[in-house]
Each structure stands twice: as structure tokens, then as C-alpha cells.
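The structure appears below as C-alpha cells.
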Amino acid sequence: MLKIYNTLTNKKEVFKPINPNNVGVYVCGMTVYDYCHMGHARVLVMFDVITRHMRRNFPEVKYVRNITDIDDKIINRSIENQEDIYSLTNRFIDAMHKDERALNILKPDVEPRATDSIDQMYYMIESLTEKGLAYQGENGDVYYSIRNFKNYGKLSGKNLDELEAGIRVDVESDKRDPLDFVLWKMAKPDEPKWSSPWGEGRPGWHIECSAMSTHHLGNHFDIHGGGMDLTFPHHENEIAQSEGANNCSFVNTWMHVGFVNINDEKMSKSLKNFFTIRDVMKRYDGETLRYFLISSHYRSPLNFSDENLNSAKSALKRLYTATRDLSASEVAMNDISKRFDYEKRFNTALDDDFNTPIALSILFEIAKHINTERDKDPEQASALSQLLRKLGDYLGILQYSTEDYFKQGISISDAEIEQKINKRNEARAAKDFSISDQIRDELLTLDVVLEDNENGTTWRRK
RNA sequence: GGCUGGGUAGCAAAGCGGUUAUGCAGGGGCCUGCAAAGCCUUAUAGACCGGUUCGACUCCGGUCCCAGCCUCCA
């Protein structure tokens, strides 16, 4: 029984799909004017884990994640770079897809682009205008009238009058109420523009998500998610738009992923304290990053530091170490899964609001079990190893073969290493341990670790 | 100020009204020529003050502190 924490109610609730055969999930994706940072990575990875789990539990899941490819920041960046807006956005979309592959993130079912969805936005704005929920200012911009939507603030728990008190007044706008927000914005000269009943312009930020999500998932769907900073105003505004235009409830479950912090402060573009995925990938592989991101619960803050990343790397190594030199059939694996309750407990953990730390702890229990059975009962150890890999795959980790994991990234060739191992073993046979230790130390400086066991000497990367 | 979340051992991170979370790092031991890996074992917790209870890290109240949102942000 899947339980999910719902921002709308601030409670963990049993998840009941609107249509049990087809669950709809929408996640607010990137605004593509720069490379993805670790905060984006966290949202991408978490919803990847979430949708993988849901796909195993429901016949069909439709996962939609949009791309915002038109907005002020994109326009500014394109001017700054003197780069055509489409070449800019395409460049960063490609970069994002590359980052996703590195993090083993599966593609969403639909990845709509705002600029391909302008028609759907028209219809929605039109409908809002007809219902008296939108108006055009003297400057031509079209605004949403939040005072005319009775439930404004229900997601974020905001009180209108209190919001009003601390508002910053935007001098350029023609809003009737300072909390009103733009649905359609008149284009300035040389800005990208689309013709519309209100004049040539472009959509406001919030309308695209209302339009794209309902277009692909229906007016009322199951899950809508994003980073915690989108709760207000973005998601609040989406509710106002969608429920206002469609006269029905919009989303049942709102999910928000916590921030990635640097020194306990939110990683953000405005604070300029962010690390891009590609930067971090210069020092850590994608799987280590992914492990790090799922090592805490998705709603908790996650502190980004070398110490934590190194710890993630070591933890992952322990899991891979358990799988060394073991393989078993699927039959044996299914058999072992029935004998022990690891898989069951693993699924229960994910069913409990996607508790990845608990799920990971079960992986370590299996690893320990393998290590203790390895000599006593190799068959059982092998079957457990297969189970470990299967559950790892559910989380999108343990993707490499054991061989690849332990032998990648070494500058010296296999043959050279073997040669040195032979030389060392000759020295060991002659009990010349100073020579043998010297060879081992030499290899260690090249990140090659030697391990002696009864069948001979094996090597792995450090 | 309003609204959300938090404060757990050296670090990270969970569950739980009474019984080992888990990982990294540390101590002792086994194994090894010595290591590595692994196994066994071990120490270090629950911001503070009250209350409920036979019993609280876990529930309730209060205090202090931290983060986030209230402006674009994942």
C-alpha cells in the first residue's frame, strides 16, 4: 500500500489513483538557459526512483516532465551570449539529456516544450478571461485575478492579506492587485513572440505548466511534483489557473523535493553557490552521485560536501564488493527472495513515501548476508547477489558489471598489472617480502589494489 | 511578522512507546608473510525544560536554535 506525503494536506496519505490502470505524474522540469546543477539532479533522480517504483505497482504510469524553453532568463541569456534563442535552448536541452544519462535517469513518457504548447495556453487564458478570472491591463499584459479565485493559497497555506502586507510593488505592471500574476506578456521589440487575441507576446511562466499538464494528463490527475521552492507561487498559481479554467479539481497529490544545501544553505543560482552536474562528474561518477542523492529522504535537506560524496563512494563499493565473483539464475534468485523477506521489506520501505534510506539499508543487509554465506554456501550467496543487483536496479544503482566497476579508470594496462603480479608472486615464493611489498606499493600509487587469496592474487581499482 | 519543515552518536541518515537501524570513519580480535577485502566484536546518540506512562529519542506542552517559502529559482 503506497503512502505519499501530500503538500496539500501536509500529511502522509494512502495513494489512490484516479484510474488504477493509468496513473498520471507531472513534474516541473528545467528552464533551459544553463547547465543542470545538483538541485536539478536531485529532483530528476528522485522522480526517477518514484516513477520506477510506481511502474512496478501500477499497470501504466504516464510520466510527463516539461521543458521551459521561453522566459525572461532565457531571453536575457541569449542577448548576453549573442546566441539565437533556439540554438541556446537546444544546446542546454542536449546537455540536460546527457546529464540524465550519466545519472541513469529513464526518459519521461512525454517531454513537452513550452514553445510547442502555446495553443493550449491560449485556450486556457481565454477560458479564464471568460470566467472573469483574467483581465488585460492597459499595457496589454494579461493577468490572473487571484482575488476572484476562492481557494488561492490552499497549497502553500498562505493567507492573502498577510501576503499582501509584505508584497514588493512592481512599477511596470498594470496589476489590479499586487498578487496577480502574468498570463500573457506583450513582447518588447526583438523578443520572440506569438500572435494572440491579446496582441503579440509570449506566455507567463505559470500558464505553461497548467496547459501542458492538463493537455497530457487530463484536467484532473494524480501527482504533480517539483522542487520545494516551486510550492509558492508557481504551484499555487497552477492550481488557480487549472481549477479556475476547468472547474474541477486539478491534482490530488502534490510532492515536493527538498533542497540540496551547501554549508546548510540552499544551493541556488541567485546565491551563486551551485555546482553543476558536469562539474561534479569530473570527480565522481554518476552512480556515486545518484547514490548520494538517494541516501537521504527526498523531503529532507541534503548537504552537498566532499565528505558526503566520498562516503557515498565507499558505501557503493561495499555493495559491489559483495557481488564479486558471484552470479546465479533468475530461478535461484526468485527462490531466495521467497525464503528471505528482503525484497518485501525493500518494497515496503519504498511504499512508505519512498523511503530510500531504508531501502538502501536493506541492500547492506543483503551484502552482509552474502559475505557471511560466501564460503559456507556459495549457491545461496550467488542467489543473494542476484537479488542485491535486482533491488539495486530498482533504485537505478549497481548498473555496472562487477568487472567493469572494479577495473575501470586504471591508467596501466591489464597485461602490465598481471606481469607485476607474477613478479611479486615470485618474490613472495622466495620469501623476499621487501620486493613483493615494493611492487604492491608501486601499483597502489597507480590506484591498483592487490588482494591475495587462496586462488591467487587479484586486483581492483582503489 | 505569517506559513512549512527540522534539531539523533566523529560524520551522514532512518525507523520505532520497551528489543542491533544502516553506511562512512574509529578501537579490539580472526584471517594474512604483511596487507587488502571479509567476518566477529566494541565505543560514541537523541537541543533544553516540564508532562503523560510501569517505561519516551519516539506522544503532549513550553523554551532555545537552524533551514526554507512569503521576489526569479529544482
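Below, chains carry the letters A, B, ... as their sequence lines are ordered, and counting in each starts from 1.
Across the strands present, rA74(B) finds no partner; the criterion is a Watson-Crick or G-U wobble pair with both atom distances under 3.5 angstrom. With a 3.5 Å ceiling on both atom-pair distances, the Watson-Crick or G-U wobble partner of rU63(B) is rA47(B). In a base pair of the Watson-Crick type (N1 to N3 plus N6-O4 or O6-N4) or a G-U wobble (N1-O2 and O6-N3), with each distance short of 3.5 Å, rG68(B) is matched with rC3(B). Shown here, rG38(B) forms a base pair with rC30(B); the pair counts as Watson-Crick or G-U wobble because both key distances fall under 3.5 Å.
Taking side-chain N and O atoms only, Asn371(A) has a distance below 4.0 Å to OP1 or OP2 of rC39(B). Between Lys317(A) and rC24(B), a side-chain N or O to OP1/OP2 separation shorter than 4.0 Å is absent. OP1 and OP2 of rG2(B) both lie 4.0 Å or more from every side-chain N or O belonging to Ser156(A). In this model, the phosphate group of rG23(B) is not approached by any side-chain N or O of Tyr291(A) to a distance below 4.0 Å at OP1 or OP2. In this model, the phosphate group of rC69(B) is approached by a side-chain N or O of Lys266(A) to a distance below 4.0 Å at OP1 or OP2.
Comparing the C1' positions of rC24(B) and rC34(B) gives an interatomic distance of 25 Å, to the nearest angstrom. rC49(B) and rA12(B) have their P atoms separated by 23 Å, with the value rounded to a whole Å. For the P atoms, the distance linking rA14(B) with rA21(B) amounts to 16 Å, nearest Å. rA43(B) and rG28(B) have their P atoms separated by 15 Å, given to the nearest Å. With both ends at atom P, the span from rC60(B) to rG27(B) equals 41 Å, rounded to whole Å. Comparing rA36(B) with rU44(B), their P atoms sit 26 Å apart, to the nearest whole Å. Rounded to whole Å, the P atom of rG18(B) lies 11 Å from the corresponding atom of rA56(B). Look at the P atom in both rG50(B) and rG2(B): the space between them is 28 Å, to the nearest Å.
When heavy atoms are screened at a 4.0 angstrom cut-off, Val27(A) is found touching no nucleic acid atom at all. Among the atoms of the strands shown, none is found under 4.0 Å from any heavy atom of Gly153(A). Leu44(A) comes within contact range of no nucleotide atom at all, as no heavy-atom separation falls under 4.0 Å. When heavy atoms are screened at a 4.0 angstrom cut-off, Phe364(A) is found touching the sugar-phosphate backbone but no base atom. Within the nucleic acid shown, Glu451(A) comes within 4.0 Å of at least one base atom, counting heavy atoms only. Note on Thr231(A): nothing from the nucleic acid sits closer than 4.0 angstrom, heavy atoms only. Residue contacts shown for Ser300(A) are limited to sugar-phosphate atoms, with no base heavy atom under 4.0 Å away. Residue Tyr5(A) is classed as a sugar-phosphate contact, given heavy-atom separations below 4.0 Å to backbone atoms only. Contact annotation for Val449(A): backbone-only contact, meaning every heavy-atom pair under 4.0 Å involves sugar-phosphate atoms and none involves a base. Residue Asp437(A) is in base contact, counting any heavy-atom pair closer than 4.0 Å across all strands shown. Counting any heavy atom pair closer than 4.0 Å across all strands shown, Asn355(A) reaches sugar-phosphate atoms only and no base atom. Arg424(A) comes within 4.0 angstrom of a base, heavy atoms only. Ser314(A) comes within contact range of the sugar-phosphate backbone alone, with a heavy-atom separation under 4.0 Å but no base atom that close. The residue Phe259(A) sits close to a base: some heavy atom pair falls under 4.0 Å.
The closest side-chain donor-acceptor pair between Ser156(A) and Glu236(A) falls under 3.5 angstrom. Side-chain atoms of Tyr26(A) and Asn66(A) form a donor-acceptor pair, as typed in the model, at a separation below 3.5 Å. Between the side chains of Glu265(A) and Asn273(A), not a single donor N or O lies within less than 3.5 Å of an accepting N or O.
When rounded to the nearest whole Å, the span between CE of Met255(A) and P of rG5(B) equals 16 Å. If you measure from atom CG of Asp306(A) to atom C1' of rA25(B), you get 16 Å, rounded to the nearest angstrom. Straight-line distance from the CD atom of Glu162(A) to the C1' atom of rC70(B): 10 Å, rounded to whole Å. What separates CD1 of Ile439(A) from P of rC34(B) is a distance of 19 Å, to the nearest Å. As rounded to whole Å, 12 Å separates atom C1' of rG68(B) from atom CG of Leu271(A). Straight-line distance from the NZ atom of Lys154(A) to the C1' atom of rU4(B): 18 Å, rounded to whole Å. Between the CG atom of Leu302(A) and the C1' atom of rA67(B) there is a distance of 14 Å, rounded to whole Å. Glu265(A) places its CD atom 16 Å from the C1' atom of rG6(B), with the value rounded to the nearest Å.
Proximity note for Arg428(A) (side chain, C-beta onward) versus rA13(B), rA67(B), rG33(B): the nearest is rG33(B). Here the nucleotide nearest the side chain of Thr372(A), chosen from rA67(B), rC40(B), rC72(B), is rC40(B). The Cys28(A) side chain lies nearest to rA74(B) when the options are rG38(B), rA74(B), rA14(B).
With hydrogens and angles ignored, no donor-acceptor pair under 3.5 angstrom links the side chain of Arg42(A) to the base of rA74(B). Side-chain atoms of Asp452(A) and base atoms of rC34(B) include a donor and an acceptor less than 3.5 Å apart. No hydrogens or angles were tested; on distance alone, nothing pairs the side chain of Asn10(A) with the base of rG5(B) as donor and acceptor under 3.5 Å. Contact of Lys269(A) with rC72(B) (side chain to base): no donor-acceptor pair of N or O atoms is detected under 3.5 Å. Applying the 3.5 Å distance criterion, the base of rG38(B) shares no donor-acceptor pair with the side chain of Arg460(A). Between the side chain of His297(A) and the base of rA13(B) there is no donor-acceptor pair of N/O atoms closer than 3.5 Å. Residue Arg318(A) places no side-chain atom within donor-acceptor reach of the base of rC24(B), judged by atom type and a 3.5 Å distance cut-off alone.
Taking the ring centre of Tyr5(A) as origin, the terminal cationic atom of Arg299(A) falls inside the region bounded by 6.0 Å and 45° from the ring axis.
Relative ring orientation between His53(A) and Phe354(A) is described as perpendicular, the plane-to-plane angle rising above 60° on a 0-90° scale split at 30° and 60°. Ring geometry for His37(A) against Phe274(A) counts as tilted: the plane angle lies between 30° and 60°, on a 0 to 90° scale.
With respect to the salt-bridge test (charged N to carboxylate O, under 4.0 angstrom), the residues Glu343(A) and Lys390(A) qualify. Salt-bridge check for Asp279(A) with Lys282(A): passed, with a basic side-chain N closer than 4.0 Å to an acidic carboxylate O.
Mapping Ser296(A) and Tyr33(A) onto RNA chain B by nearest heavy atom places Ser296(A) at the nucleotide closer to the 5' end. The residue among Leu360(A) and Gly29(A) whose nearest nucleotide of RNA chain B lies closer to the 5′ end is Leu360(A).
Annotation: Tyr143(A) is not in aromatic contact with Phe181(A) [ring centroid separation under 6.0 Å not met].
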> Step by step, would you call His206(A) with His235(A) a ring pair (Phe, Tyr, Trp, His ring centres under 6.0 Å)?
Replying inline: CA-CA 8 Å; His206(A) 311 293; His235(A) 289 159; 9.4 Å; no
